[in-house]
Amino acid sequence: MFACKKRKPIFSFLLIVLFCTCFSSLYAETFRVAQCHIIELTEDTSFSSTKKLGLNDSLAVYIPEERLFLEGIEFKMDIPEDMAIWRDCCGAYIYDGIKPAPKAQQIDYSGSKIFFGVVPGKLSWILQLPLTKTAQFKTNQYTKTIETIPTAQGNFVFLRLQQIMKGVPDEVMNGKITITVRPILSDKGLLKIKLSKLEASEQKEENTEENISIFIDNNPYLAQDVQKGFVLGTGIHNVNVISENYRTEVRKVRIDQAKITDLEIILKSIEPTVIITAPEGATVYLDDEKFEDLGKEVVIPEGDHKIRCGIGDYEIVRSLSVSKGRSYKVNLTVDLQISEDE
């Protein structure tokens, strides 16, 4: 009695394992195709690739390993008239876990069927295959949305056509279904921000992250998020870069669907600067010291300053009050005015 009680759980476990093995084998299929066609899909709004498949051909669509915008795949079938008349003569299958990896010369495969549909008696039919749980598709009477999301192991999906009716005439057997494959993309794009800093000496240093906060549409992000980029909805977005050591930079940027938008922001020091320009032959003094850097942006200390400019016997003096984080331009102009008395 005691020994039997110890064996019973083991026996039950073996039954469960055997049941699961048999259950899973029901969904594994081994099959042969006449030809395997290959398409390399990209996350490009203009991408479109077309193949002509016979009744016993297959189509493997390889998808990018890193998918930022790809939500699904559209298979648009243009069906020959003879085949449309002989409705229910062909079935379309979607498989997951296909082995071996599809190749043009490979005809024997095994995998788990996740979708079957009879090719309708229409001249056009669209299958939409989701790749994410958030995928949202537009449907109509010519469209069939597949409910199961494939695991896409090996970064491909596998579609197979197969004759399912006997007695089909040769013109139908030899017909070709034109399949056009397009990516179904989310309404988002990627913003990549490149931060550089510009000191008064005009020396750049890339990828600075010191005490910097980034706000996109008033949502805060860390400077280290710059490396991976920001996935945003399409449209216009406001970007603010704030730092204790640099001036606040404000930009507007447009994000397009499934596109990468690069935005370079050069951070300027909060040290105040001044640019002084004057005609040739003029002399300029800043705080009673001759100013030699005409036309160049130079750092100027905070506080009150005196600027004296002269050409020949003509001289003008102005005061300049300088604050942190501001830039100033001083321009000496000589104007010639002509008037006529009536």
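Any value given below was found using the heavy atoms of this structure, including those in side chains, with hydrogens, waters and symmetry copies removed. Residue numbers run from 1 in the order of the sequence given.
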Taking the side chain as C-beta and beyond, is there a heavy-atom pair between Gln128 and Ile146 under 4.5 Å?
no

With distance as the sole criterion, is a donor-acceptor pair present between the side chains of Thr273 and Glu297 under 3.5 Å?
yes

Just wondering, more than 12 heavy atoms not from Gln136 lying within 6.0 Å of its CD?
no

Exam field: side chain Gln162 to backbone Asn56, donor-acceptor pair closer than 3.5 Å:
no

Please determine whether a side-chain nitrogen of the Lys or Arg among Asp288 and Lys306 lies less than 4.0 Å from a carboxylate oxygen of the Asp or Glu.
yes

Short question: side chain of Glu43, backbone of Leu68 - any donor-acceptor pair under 3.5 Å?
yes

For atom CG of Asp313, decide whether the heavy atoms of other residues, nucleotides or ligands shown that lie under 6.0 angstrom number more than 12.
no

Are the side chain of Gln163 and the backbone N or O of Leu55 linked by a donor-acceptor pair below 3.5 Å?
no

Are the side chains of Asp78 and Leu123 in touch, meaning some heavy atoms are under 4.5 Å apart?
no

Ile307 side chain near Val317 side chain, heavy-atom distance below 4.5 Å
no

List the steps, then state whether side chain to side chain contact (heavy atoms under 4.5 Å, CB included) holds for Val284 with Lys290.
CA-CA 6 Å; Val284 178; Lys290 191 171 183 180; over 6 Å; no

Do other residues, nucleotides or ligands put more than 12 heavy atoms under 6.0 Å from the CG atom of Asn218?
no

Is Asp262 salt-bridged to Lys192, cutoff N-O under 4.0 Å?
no

For Arg247, does the CZ atom sit with more than 12 other heavy atoms under 6.0 Å from it, leaving out its own atoms?
yes

Going from CD1 on Ile39 to CZ on Phe156, what distance comes out if it is rounded to the nearest 0.5 angstrom?
14.5 Å

Separation of Met77 CE from Ile126 CD1 (nearest 0.5 Å)
10.5 Å

Between the main-chain N or O of Ala84 and the side-chain N or O of Arg87, is there a donor-acceptor pair closer than 3.5 Å?
no

I'd like to know if Glu249 pairs up with Arg251 as an ion pair, taking the criterion as any Lys NZ or Arg NE/NH1/NH2 lying under 4.0 Å from an Asp or Glu carboxylate oxygen.
yes

Any donor-acceptor pair under 3.5 Å from Glu147 side chain to Pro130 backbone:
no

More than 12 foreign heavy atoms under 6.0 Å from NZ of Lys259: is that the case here?
yes

Side chains of Phe75 and Leu129 in contact at under 4.5 Å (non-hydrogen atoms):
yes

With distance as the sole criterion, is a donor-acceptor pair present between the side chains of Ser46 and Asp44 under 3.5 Å?
yes

What about the rings of Tyr221 and Phe230, do their centers lie closer together than 6.0 Å?
yes

May I ask you to say whether Glu315 pairs ionically with Arg308, meaning some side-chain N is under 4.0 Å from a carboxylate O?
yes

If only atom types and distance count, is the side chain of Tyr246 paired as donor or acceptor with the main-chain N or O of Ile212 below 3.5 Å?
no

Can you tell if the side chain of Thr180 reaches within under 4.5 Å of the side chain of Ser49, non-hydrogen atoms only?
no

Nearest non-hydrogen partners of Asp256 and Thr261, listed with the distance:
N-OG1, 4.5 Å

Pi-cation contact, Phe31 with Arg160 (under 6.0 Å, within 45°)
yes

If you apply the rule side chain to side chain contact (heavy atoms under 4.5 Å, CB included), what do you find for Phe47 with Leu41, and how did you get there?
CA-CA 8 Å; Phe47 180 89; Leu41 189 71; 3.2 Å; yes

Measuring only between side-chain heavy atoms, which start at C-beta, is Ile179 closer than 4.5 Å to Ile177?
yes

Validation row: Lys52, Asp57 side chains within 4.5 angstrom (heavy atoms):
no

Output yes when a side-chain donor or acceptor of Tyr93 lies under 3.5 Å from a complementary backbone atom of Ser58, and no otherwise.
no

If I take atom CE from residue Met83 and atom CG from residue Leu161, how far apart are they, to the nearest 0.5 angstrom?
8.0 Å

With a 4.5 Å cut-off on side-chain heavy atoms, are Pro102 and Ile38 touching?
yes

Between atom CD1 of Ile276 and atom CG of Leu294, what is the distance when rounded to the nearest 0.5 Å?
7.0 Å

Pair Asp96-Ser112, side-chain donor/acceptor within less than 3.5 Å
no

What's the spacing between Cys36 SG and Gln105 CD if we round to 0.5 Å?
9.0 Å

Find the distance between CG (Asn155) and CD (Glu40) and round it off to the nearest 0.5 Å.
10.5 Å

